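Here the structure comes first, spelled out in C-alpha cells, and everything after it is commentary.
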Protein chains: 2
Amino acid sequence: MAGRAAVPEVIWARPERTGRGPKPAFTRADIAAAAVRIADAEGLDAVSMRHVAAELGCGTMSLYNYVPRKEDLYELMIDAIGAEHEMFEPTGDWRADMLRNAEETRAIMRRHTWVPRLMPGVFAFGPNSLRYLEHCLACLEPLDVPAGTKTELIALLNGVVTTYTANDIATVERTRSMPWTVEEENAVRMAYLGSQVATGAYPRLAAAFMEQSGPVDLESVFRRALERVLDAYDPDLR
Amino acid sequence: MAGRAAVPEVIWARPERTGRGPKPAFTRADIAAAAVRIADAEGLDAVSMRHVAAELGCGTMSLYNYVPRKEDLYELMIDAIGAEHEMFEPTGDWRADMLRNAEETRAIMRRHTWVPRLMPGVFAFGPNSLRYLEHCLACLEPLDVPAGTKTELIALLNGVVTTYTANDIATVERTRSMPWTVEEENAVRMAYLGSQVATGAYPRLAAAFMEQSGPVDLESVFRRALERVLDAYDPDLR
DNA sequence: CCTAGTTACGTACAGCGTACGTAGTGCGCT
DNA sequence: AGCGCACTACGTACGCTGTACGTAACTAGG
C-alpha cells in the first residue's frame with residue numbers, strides 16, 4: 001500500500017521504480033504524454049485521473065501508484081512540454097539566441113493552450129525544465145553580467161512570453177466545450193469594450209482606441225516587447 | 001426562469017437589475033466581496049457556488065440569478081480587487097508613478113495570493129480594471145510615445161509583476177490545506193534542487209548557485225526588473 | 001522458499017457545477 | 001384595479017471529481 005505522504009514531497013525526487021514487486025506498466029513520460037494528449041484535444045478540464053487512466057488503459061486508482069496527487073500530474077505535464085524546446089548550439093549572439101528561445105516558448109504555448117493556466121501553480125523544476133534553464137545559461141555565456149542577472153533576465157523573458165501569449169490564447173481555452181466559437185466570443189467582448197469606451201468614462205482609453213487603425217498585429221507587438229526587454233539588459237546600449 | 005445563455009456573454013454587459021419582480025437581495029459587489037473573503041481565508045479551491053451562497057446567506061441556486069457561470073464569479077473577484085488600487089493624482093514623473101502602481105499591484109497580489117492562478121483565465125476588463133487602465137494612461141501622459149506603445153508598456157509591467165509575484169506566493173497558495181508549512185515545503189524543494197545541481201548535469205546552473213551568497217532579496221530583484229523594463233521605454237536613455 | 005514490499009484496482013464518499021422545476025413577488029400595462 | 005409576466009428564490013437530482021481504503025496478485029531479497 002503506497003499511501004499519500006503527510007510530509008512535503010517533490011515527485012522528481014521519487015525513484016521511478018524500486019526493485020521489488022511487479023514491474024510498473026508505465027513510465028512517467030507515458031503518463032505525462034497521455035495527460036498532454038487529453039489536454040490538447042479536450043482542454044485542461046478534461047484531464048481527470050479517471051480520464052488519464054482510461055487513456056493509459058489502466059484502472060483509475062492504479063495511477064496513484066505513479067502520481068501521488070493530481071498536482072503532481074500537472075508537474076509532469078509542464079515538464080513534458082519542456083522537452084519540446086530545441087536545445088540548439090549557442091551561436092555566440094546571445095540576443096538572437098534568447099529571441100529564438102522565447103519564440104519557441106511561445107510556439108509551444110500555442111500548441112498547448114492550457115500551459116499558462118497551469119504555470120502559476122506548479123514548481124517547474126523537473127529534469128526538462130532544468131535542462132532548458134541550463135541551455136538558456138549557455139546562450140547567455142557571451143553576456144558579461146553576474147549569473148544572478150542572467151537568471152533574472154531568463155525569468156523576465158519567460159514572464160513576458162507567458163503574459164503576452166496567455167492573453168492571445170485565453171479565449172481559445174475558454175471556448176473549448178462551449179457552444180460558440182472563439183470568433184463569436186471575441187466579437188461579443190469587443191462590442192462590450194466598445195460600448196464602455198463610448199460612454200466617455202475613459203477618455204484616454206478612448207483616445208488609444210481611436211488611434212489604432214485596423215487590427216493589431218499581436219506577433220509584432222510581442223516581438224517589440226521582447227526587444228525592449230533585451231535592450232534593457234544589453235551592456236552595449238547603456 | 002433565467003437560464004444560462006447559449007451564446008457568449010460578458011457579465012458586465014448584463015444590467016445589475018431590471019425593474020420587474022422582487023428587488024435583488026445582493027449587489028455584484030456583495031457577491032464579489034464574499035467570494036474574495038472566502039478565497040483569502042480558505043484558498044481559491046474553497047470558493048464554490050455553495051460556499052459563496054452560504055457566506056451570503058442564500059440558497060446555492062439563488063446565486064445563479066446573479067452569476068450565470070462560475071467563471072463569471074472569477075471575473076467579479078478579479079475586478080473587485082482592482083478597486084484596491086489607489087488612483088492617485090499623477091505627479092508628472094511617469095517612471096515614479098508607474099513604479100508606484102506596480103508596487104501596489106504586487107501588494108494586492110500578496111494580500112490575495114489566489115490572483116495569479118485566476119488571471120490567465122479571465123477577461124479582465126470590468127469597470128475597476130478599466131478605471132485602473134485609465135489611471136495608468138493618465139500617469140503616462142508625460143511620456144511622449146504613441147498610445148499603442150503605452151498600452152504595451154502597461155501590459156509588460158503587469159506581466160512582470162504577475163510573474164515575479166506568482167513565484168513568491170505559489171507555495172503559500174499550495175500549502176493551504178496541506179498538513180505542512182510553507183517553510184517545510186520550500187526546504188524540501190530546495191534540498192531537491194541542491195541534489196540535482198550536485199549531480200553535475202547542470203554545470204552553469206551549479207555555477208550560478210555557487211555565486212550567490214546568502215538568501216536572495218526578492219524585493220530588490222523585483223524592483224531591479226521593473227527598473228529595467230522602464231529603462232527600455234525611457235526616451236531619455238536611448 | 002518465504003515474506004515483505006510493490007503493483008493493480010474495485011468500491012465508496014464527500015463535494016463539485018449546474019439543469020430543471022416550482023413557488024412566491026411586485027412592476028407595468030391595460 | 002387587477003391581470004399577467006418577468007423576476008427572485010431555492011430544493012432536488014445528476015453526472016462528475018479527487019482520493020481514502022481494502023483486497024488480491026506478483027516478485028525480488030534474505
Side-chain angles (χ1 to χ4, degrees), chain A residues 1-6 9 11 14-28 30-31 35 38-39 42-77 121 174 176-179, chain B residues 1-6 9 11 14-28 30-31 35 38-39 42-77 121 174 176-179:
Chain A
M1 156 84 195
R4 249 62 73 246
E9 198 183 6
I11 187 160
R14 269 195 170 204
E16 272 228 53
R17 51 157 292 141
T18 53
R20 207 80 74 93
K23 301 207 189 310
F26 319 105
T27 65
R28 263 176 210 159
D30 292 336
I31 295 168
I38 292 170
E42 303 170 59
L44 185 58
D45 294 337
V47 177
S48 69
M49 296 302 271
R50 275 171 243 261
H51 205 139
V52 172
E55 174 86 12
L56 287 167
C58 72
T60 306
M61 292 315 289
S62 307
L63 206 50
Y64 281 89
N65 283 319
Y66 304 86
V67 178
R69 301 184 317 273
K70 186 170 186 197
E71 188 196 293
D72 293 311
L73 182 61
Y74 289 149
E75 297 221 11
L76 292 188
M77 293 172 72
R174 188 172 27 231
R176 221 189 263 281
S177 85
M178 290 288 181
Chain B
M1 153 93 194
R4 249 61 73 247
E9 198 184 5
I11 187 162
R14 270 195 170 205
E16 271 230 52
R17 50 157 294 143
T18 54
R20 207 79 74 92
K23 301 206 190 309
F26 319 105
T27 65
R28 263 176 210 158
D30 293 335
I31 295 168
I38 292 171
E42 302 170 59
L44 185 58
D45 294 337
V47 177
S48 70
M49 296 301 273
R50 276 171 241 261
H51 206 138
V52 172
E55 174 86 13
L56 287 167
C58 73
T60 305
M61 293 315 288
S62 307
L63 205 50
Y64 281 89
N65 284 319
Y66 304 86
V67 177
R69 301 183 317 272
K70 186 170 186 196
E71 187 196 293
D72 293 312
L73 182 61
Y74 289 149
E75 297 220 11
L76 257 48
M77 292 172 72
R174 189 172 25 230
R176 221 189 263 281
S177 84
M178 291 288 182

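The structure displayed is predicted, hence computed values, not measured ones. Any value given below was found using the heavy atoms of this structure, including those in side chains, with hydrogens, waters and symmetry copies removed. By convention in this document, chain letters (A, B, ...) are assigned in the order of the sequence lines, proteins followed by strands, and residues within each chain are numbered from 1.
Contact detail for B:Met77 and B:Ala39: the closest heavy-atom pair is CE-CB, 3.7 Å. Contact between B:Arg174 and A:Gly121 at its shortest, heavy atoms only, is NH1-O, 2.6 Å.
Here the P atom of nucleotide D:dG18 and the CG atom of A:Asp72 are 13 Å apart, to the nearest Å. Put simply, CG on A:Leu63 is 11 Å from P on D:dT19, counting in whole angstrom units. In this structure, B:Ile31 places its CD1 atom 11 Å from P of D:dT8, rounding to the nearest Å. If you take CG of A:Asn65 and P of C:dG5, they are 16 Å apart, rounded to a whole angstrom. As a whole-Å value, the separation of A:Met61 CE from D:dT19 P is 9 Å. For the pair B:Leu56 CG and D:dT8 P, the computed distance is 15 Å after rounding to whole Å. Rounded to whole Å, atom P of D:dC7 lies 15 Å from atom CD of B:Glu16.
Listed by chain and number, the residues in a side chain to side chain contact (heavy atoms under 4.5 Å, CB included) with A:Pro24 are A:Arg17, A:Tyr66 (sequence neighbours excluded). Residues passing the salt bridge (charged side-chain N to carboxylate O under 4.0 Å, His left out) test with B:Asp30, sequence neighbours excluded: none.
Residue A:Leu63 holds its CG atom at 6.5 Å from CG of A:Leu73, rounded to the nearest 0.5 Å. Rounding to the nearest 0.5 Å gives a distance of 7.5 Å between CG of A:Asp72 and CZ of A:Arg14.
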Just the atom pairs and distances: protein N or O near nucleotides 28-30 of chain D's N or O, under 3.5 Å.
unit_1: D:dA28; atom_1: OP1; unit_2: A:Lys23; atom_2: NZ; d: 3.3

Below 3.5 Å is the cut-off: list the nitrogen or oxygen pairs between protein and nucleotides 14-17 of chain C, distance only.
unit_1: C:dC16; atom_1: OP1; unit_2: B:Ser48; atom_2: OG; d: 3.0
unit_1: C:dG17; atom_1: OP1; unit_2: B:Lys70; atom_2: NZ; d: 2.7
unit_1: C:dG17; atom_1: OP2; unit_2: B:Met49; atom_2: N; d: 3.0
unit_1: C:dG17; atom_1: N7; unit_2: B:Arg50; atom_2: NH2; d: 2.5
unit_1: C:dG17; atom_1: O6; unit_2: B:Arg50; atom_2: NH2; d: 2.9

Legend entry - Steps toward side chain to side chain contact (heavy atoms under 4.5 Å, CB included) verdict (A:Met178, B:Glu71): CA-CA 12 Å; A:Met178 290 288 181; B:Glu71 187 196 293; 4.2 Å; yes
Inset, instruction - Given side chain to side chain contact (heavy atoms under 4.5 Å, CB included), test B:Leu44 with B:Tyr74 step by step and report yes or no. - result: CA-CA 10 Å; B:Leu44 185 58; B:Tyr74 289 149; 4.1 Å; yes
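In this structure, the side chains of B:Tyr64 and B:Arg69 stay at 4.5 Å or more apart for every pair of heavy atoms.
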Legend entry - Nucleotide-level pairing of DNA chain D, given in dot-bracket where Watson-Crick and G-U pairs need both distances under 3.5 Å and | marks other strands: ||||||||||||||||||||||||||||||
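Using a 4.0 Å heavy-atom cutoff across all strands shown, A:Phe26 reaches no nucleic acid atom at all. Within 4.0 Å (heavy atoms only), A:Ala25 reaches sugar-phosphate atoms of the nucleic acid but no base atom.
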Give the table of side-chain donor-acceptor pairs shorter than 3.5 Å for residues 51-61 of chain B, with sequence neighbours excluded, one pair per line with atom names and distance.
unit_1: B:His51; atom_1: ND1; unit_2: B:Ala46; atom_2: O; d: 3.2
unit_1: B:His51; atom_1: NE2; unit_2: B:Glu42; atom_2: OE2; d: 3.4
unit_1: B:Glu55; atom_1: OE2; unit_2: B:Arg37; atom_2: NH1; d: 2.3

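The side chain of B:Ser62 contributes no N or O atom lying less than 4.0 Å from OP1 or OP2 of D:dA9.
Using a distance-only test at 3.5 Å, with no hydrogens or angles considered, a donor-acceptor pair links the side chain of A:Arg28 to the main chain of A:Ile11.
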